[in-house]
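Worksheet: one structure, shown below.
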Amino acid sequence: MKTRLNLTIDEDLLKKVKLYADRNNESISNLVEEYFETIVKKPKRKSLLDLLDELPKPKEIYPKDFDFKEEYYKERAKKYGF
C-alpha cells in the first residue's frame with residue numbers, strides 16, 4: 001500500500017530534481033522511493049573467502065586455475081589437524 005509523504009527541500013534543488021526526473025522519464029516519487037529502499041536495505045554480509053575472491057589476483061605467482069579457497073582450507077586443515 002502506498003501512502004503520501006510531504007517533503008520540504010530547497011527550491012533550487014527541487015528544480016534540478018524535476019529536470020533530472022524529466023530527462024530520465026522518472027517521477028520524483030519513484031526516485032525518492034528507490035533512494036529510501038537503498039538506504040534501509042541491509043547489506044549482504046560477505047564471508048572472508050568471498051572478499052578474498054574479489055581481490056585482484058597476482059598474475060605471475062599463481063596459475064590461472066589456482067583455487068585460493070581450496071588452498072586456504074588445506075592450510076587450515078594442516079594447521080588445526082582436521
Side-chain angles (χ1 to χ4, degrees):
M1 179 176 114
K2 301 246 179 187
T3 187
R4 282 189 152 314
L5 171 67
N6 293 322
L7 297 174
T8 304
I9 64 170
D10 182 70
E11 193 173 330
D12 291 333
L13 178 59
L14 181 58
K15 289 177 186 177
K16 292 175 185 177
V17 169
K18 284 181 178 182
L19 190 62
Y20 176 86
D22 187 47
R23 286 183 186 156
N24 292 287
N25 293 327
E26 290 274 359
S27 69
I28 295 173
S29 294
N30 194 42
L31 293 172
V32 171
E33 185 175 359
E34 287 177 2
Y35 175 70
F36 285 170
E37 285 175 359
T38 62
I39 64 173
V40 299
K41 181 180 175 184
K42 285 187 177 181
K44 181 183 174 189
R45 198 163 193 200
K46 295 181 180 182
S47 72
L48 176 60
L49 296 176
D50 291 333
L51 292 173
L52 287 174
D53 277 344
E54 293 175 6
L55 291 174
K57 308 283 188 290
K59 292 180 175 119
E60 298 172 16
I61 299 174
Y62 301 103
K64 280 189 173 184
D65 61 344
F66 187 81
D67 188 351
F68 288 90
K69 285 183 184 179
E70 183 179 329
E71 292 302 316
Y72 172 81
Y73 285 121
K74 284 181 187 176
E75 290 299 317
R76 301 301 285 182
K78 271 192 240 178
K79 183 175 180 178
Y80 294 109
F82 56 85

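Just so you know, these numbers come straight off a predicted model, no measurement behind them.
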Task: Interatomic spacing from CG in N24 to CG in N30 - rounded to 0.5 Å - done: 11.0 Å
Please list, one pair per line, the donor and acceptor atoms closer than 3.5 Å that link side chains of residues 68-82 to other protein atoms, with sequence neighbours excluded.
{"residue": "K69", "atom": "NZ", "partner": "D53", "partner atom": "OD2", "Å": "3.4"}
{"residue": "E70", "atom": "OE2", "partner": "K74", "partner atom": "NZ", "Å": "3.2"}
{"residue": "E75", "atom": "OE2", "partner": "K78", "partner atom": "NZ", "Å": "3.2"}

Open item on the list: For the CD1 atom of I28 and the CD1 atom of I9, what is their distance to the nearest 0.5 Å?
Closed with: 7.0 Å
Open item on the list: If you define the side chain from C-beta out and look only at heavy atoms, does anything of K16 sit under 4.5 Å from L19?
Closed with: no
Task: Nearest heavy-atom neighbours spanning S27 and A21 - done: C-CB, 4.4 Å
Open item on the list: So, taking the atom named CG in L31 and the one named CD in E26, what distance separates them when rounded to the nearest 0.5 Å?
Closed with: 5.0 Å
Task: Connected via hydrophobic side-chain network under 4.5 Å: F66 and L49 - done: no
